[in-house]
Structures are given as C-alpha cells and as structure tokens.
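Please read the structure below before turning to the comments.
Quick note: residue numbers are just sequence positions, from 1. These numbers come from a predicted model, not from an experiment.
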Amino acid sequence: MENKSKMRKHVFVNVFSLIFVLVIGSLFYIQEVVASEDTDASILIDVHPKEYEYRDSYMQFTPELNNNYEFTATITNIGNKDLDVNVYPSVAISTMAGITYVENTENLMDKDYDFSKYVKITNDNGELKDGIVQVKANQSEDISVVVNLNKELDGEILGGLNFSQTLSEQKNENSADIVHVYEKVVLFRLKMNELDSEKEQDYGEFEFINSQNSIVLSFSVINNNPIVEYAESGPYKVINPKGDIISEGEFEEEVLTLTPVTKTKLNIPLVSDAELMSGEYQFIITVDGEEKITKFNYTKEELEEISKQVEDSNNVVVSQDSNIWVIVLLTAIVALLIITIILLYRKQKKV
C-alpha cells in the first residue's frame with residue numbers, strides 16, 4: 001500500500017504534446033491519423049484559475065457533490081492562418097506505451113468513471129457545435145469548462161480536456177488517407193472517497209494474434225479498483241494443454257500504470273516453435289512468492305483461424321486435434337493388423 005500511495009503522487013508528468021494515432025474506418029474507406037512530433041503546431045492553451053493546478057496542465061481536486069467547478073481555457077493561435085480547434089473531454093486509458101486520453105473507449109468498465117459525463121464545454125455562442133472552436137490568426141478565444149460531479153463515488157476519476165489541431169492531410173488513392181494531428185491535453189484528476197478495501201487484479205480476453213509476422217499472446221490486465229495503481233509484477237509463464245511452456249518472462253515492478261476500472265491490453269511473445277492446440281491453457285504469474293493461475297480455453301474453430309495466420313509466421317507450430325486422432329486411429333489399426341498376422345503365423349506354424 002505504501003508503494004501505491006507513493007505512485008499516486010508521482011505517476012503523472014506534464015503533458016504538453018500528446019500525439020496519438022486514430023484509425024477511422026467506414027466500409028472500404030479508412031482515414032488514418034498519424035502521430036506528429038514536429039513544431040508546426042500553432043496553438044497555445046492556458047487554463048485558469050490556477051487554484052486547482054497540481055502541476056502545469058494538470059488539475060487535481062476533491063469535488064463536492066453537485067458543486068460547479070468553473071474553468072476558462074484560452075486558446076491562442078500564434079500562426080498566420082485561421083484555425084479550427086477540436087475540443088473534447090476524454091477518458092484516461094492505460095496502454096503498453098503509457099497513458100493515453102481518448103474520446104471513446106470500450107476499455108472503461110464502469111461508465112460512472114467517464115470524465116466526460118461530468119463536463120460541459122461552452123463558448124459565447126453556447127455549446128460547441130461538433131466540438132469546434134474557430135480561432136483567427138494571431139487571436140485568442142475563450143471557452144468555459146464546468147465540472148460537476150453529480151454522483152457519490154469512491155476512488156478517483158482520471159480524464160482530460162483535449163485540444164486538437166490538424167497539421168496536414170495527405171490524400172491517397174490506393175491506400176489510407178493520412179492526417180497529421182497535434183494534440184494538447186489538460187489533465188483532470190478528481191479524488192473522491194477513499195476505498196474501504198481493494199480488489200485483486202484479474203486477467204482475461206486471451207487471444208493468439210499475428211503481430212508483425214509473429215504469433216503472440218494478447219490479453220487484458222483488469223484493474224477492478226477505481227484508482228490509479230501499478231500492474232502486478234513478477235515472473236510469468238504460459239502452459240499449453242500438453243503441459244509445455246510456450247511463453248515465459250517477467251513483468252518489472254512499477255512499470256505499467258493502470259487507470260481506474262479499465263482493461264489494459266498487453267502482448268507477450270511465444271517461445272520459438274511453441275505448439276498451439278485446442279484445449280485448456282494456463283497463464284501463471286508469481287506475485288509476492290505466490291502463483292496466480294488464470295485458465296483459458298482455445299477451441300478448434302479458433303485454432304483454425306490461427307492456422308491461417310501461421311502461414312506468414314515461423315515461430316509457432318499448430319497441432320490440429322483431428323489429425324492427431326487420425327494418426328492414433330491408424331496406429332491402432334496397424335498394430336492390430338501386425339498382432340493378427342503374428343497370431344495367424346504362429347497358429348499355422350503349429351499345424
């Protein structure tokens with residue numbers, strides 16, 4: 001608990017330019033938004049009052065129920081062109097690369113902890129149309145942000161206020177269009193009632209997938225607590241239905257941060273020539289000297305899907321149950337024939 005308390009105070013860093021990749025698909029048309037780290041961004045963001053600012057661009061406070069907390073965000077366009085800035089509240093989600101702030105996600109397990117439910121964004125004309133704020137060249141625009149927690153909750157809510165500027169667009173006839181985006185995120189951490197007790201982390205949604213021409217095991221680390229905490233650390237291994245170890249390694253201590261009541265996707269590599277088959281697998285992680293075992297099953301149909309992907313990968317071997325039973329049956333028939341021939345030969349010899 002001491003490590004968790006220490007982590008909660010120091011886990012966050014200043015976020016000035018959070019850039020992420022979004023893929024928006026509709027039928028056969030896909031628009032791809034690619035991370036950009038150049039200096040072409042021409043927006044500056046300032047949020048005041050600073051009363052609740054824990055660090056630069058990071059607001060932290062304990063909200064009273066049904067009380068309005070009002071902020072003014074000033075968007076300054078330092079460029080020589082008019083801009084459309086997309087503004088929206090976001091949810092904090094853990095990933096293998098760190099914490100990202102997204103508008104919508106299925107990884108948040110309790111929608112009461114969705115920051116956007118408690119945020120209202122307006123300007124002089126009322127609520128924003130499609131979340132867009134128009135800022136003229138070398139001018140500033142103010143927006144009003146009101147946070148109101150209207151439900152009694154334990155733990156904490158972690159979210160953000162995102163300001164997004166499109167830097168460039170690239171149209172492609174035979175592939176996805178590419179959009180470069182700069183994004184500034186102002187973090188909000190609402191700390192409510194302390195938890196009486198904490199639940200254990202769980203593991204689920206196991207799936208073998210093809211990642212960069214290698215089959216890996218993908219699964220979710222599930223934070224059942226409405227608080228920020230570190231993922232469990234320690235050695236792990238995965239055992240197939242035959243009892244062979246097909247993956248092993250170690251999760252380092254205080255590396256992966258889990259956001260409140262969310263699922264975090266992880267991928268772990270398989271050992272060379274790992275054998276996959278239908279049946280029951282075991283994921284085992286040793287935490288504080290004790291083994292924590294999670295079992296998952298893989299069906300024959302799921303195995304067939306993996307078989308198609310293995311054609312482009314040389315790191316695993318897929319065993320089909322049907323083939324095994326055919327081999328066993330043929331072996332039994334051959335053995336029976338040999339025994340019959342021997343018995344007939346001995347009988348004829350005696351005659």
(Q) Is there a path of hydrophobic side-chain contacts, each under 4.5 Å between heavy atoms of I/L/V/M/F/W/Y residues, joining I284 to Y298? (A)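 No.
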Q) Are I239 and I285 linked, directly or through other ILVMFWY residues, by side chains that come within less than 4.5 angstrom of each other? A)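 In one cluster with I239: I285, no.
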Any side-chain heavy-atom pair of [X] and [Y] under 4.5 Å:
X    : Y    : answer
L161 : F71  : no
L83  : I43  : yes
V228 : R189 : yes
M96  : K265 : no
N193 : E152 : yes
V186 : I45  : yes
L195 : P226 : yes
Q201 : E229 : yes

Sidechain-backbone polar pair: [X] side chain, [Y] backbone, donor-acceptor under 3.5 Å:
X    : Y    : value
T95  : A97  : yes
D154 : E194 : no
E200 : N223 : no
E302 : T299 : yes
T105 : N107 : yes
S94  : T259 : yes
N123 : I143 : no
N225 : I227 : no
N68  : E70  : no
E53  : S57  : yes

Looking only at the side chains, is there a donor atom on one of [X] and [Y] sitting less than 3.5 Å from an acceptor on the other?
X    : Y    : result
S233 : E253 : no
D202 : N224 : yes
N66  : N150 : no
S214 : S211 : no
S116 : D114 : yes
N267 : S218 : yes
Q165 : S42  : yes
Y69  : E51  : no

Does [X] [atom1] have over 12 foreign heavy atoms under 6.0 Å away?
X    : atom1 : answer
K81  : NZ    : no
D124 : CG    : no
Q134 : CD    : no

(Q) Quick one, Y52 with L190, criterion side-chain contact (heavy atoms from CB on, under 4.5 Å). Give me CA distance, side-chain angles, the key distance, then yes/no. (A) CA-CA 10 Å; Y52 303 111; L190 311 183; over 6 Å; no
Which atoms form the tightest heavy-atom contact between [X] and [Y], and what is the distance?
X    : Y    : value
N80  : A137 : C-CB, 3.4 Å
G204 : I222 : N-CD1, 4.2 Å
P63  : L149 : CG-CD2, 3.8 Å
T122 : L128 : C-CD2, 4.4 Å
A92  : I99  : CB-CG2, 4.0 Å
S220 : E205 : OG-OE1, 2.6 Å

Q. Do the charged groups of D46 and K50 touch, with an N to O distance under 4.0 Å?
A.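 Looking at K50 together with D46, the answer is yes, because their closest N to O distance falls below 4.0 Å.
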Q | Verdict with supporting geometry, N162 and E183, side-chain hydrogen bond (donor to acceptor under 3.5 Å, both in side chains) | A | CA-CA 7 Å; N162 296 39; E183 188 151 286; 2.9 Å; yes
**Q.** Worked check of side-chain contact (heavy atoms from CB on, under 4.5 Å) between L108 and D110
**A.** CA-CA 6 Å; L108 181 65; D110 189 338; 5.7 Å; no
[atom1]/[X] to [atom2]/[Y] distance, rounded to the nearest 0.5 angstrom?
X    : Y    : atom1 : atom2 : result
L258 : E232 : CG    : CD    : 9.0 Å
E305 : F208 : CD    : CZ    : 14.5 Å
E103 : N86  : CD    : CG    : 7.0 Å
K242 : M277 : NZ    : CE    : 5.0 Å
L270 : L276 : CG    : CG    : 6.0 Å
Y236 : I245 : OH    : CD1   : 11.5 Å

Q: I would like to know whether T74 and S140 meet side-chain contact (heavy atoms from CB on, under 4.5 Å); could you show each step before the answer?
A: CA-CA 7 Å; T74 301; S140 297; 4.0 Å; yes
**Q.** Worked check of side-chain contact (heavy atoms from CB on, under 4.5 Å) between D112 and L153
**A.** CA-CA 8 Å; D112 284 340; L153 295 172; 4.0 Å; yes
**Q.** Pair K136-E141, salt bridge (charged side-chain N to carboxylate O under 4.0 Å, His left out): steps then yes or no
**A.** CA-CA 9 Å; K136 294 187 178 299; E141 289 289 338; over 6 Å; no
Q) Among F206, Y281, F296, whose ring pair (Phe, Tyr, Trp, His ring centres under 6.0 Å) with F219 holds? A)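 Looking at F206, Y281, F296, the match for F219 under the ring pair (Phe, Tyr, Trp, His ring centres under 6.0 Å) is F206.
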Q: Measure from the ring center of F115 to the ring center of Y101 and say whether it is less than 6.0 Å.
A: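 No; Y101 has its ring centre 6.0 Å or more from that of F115.
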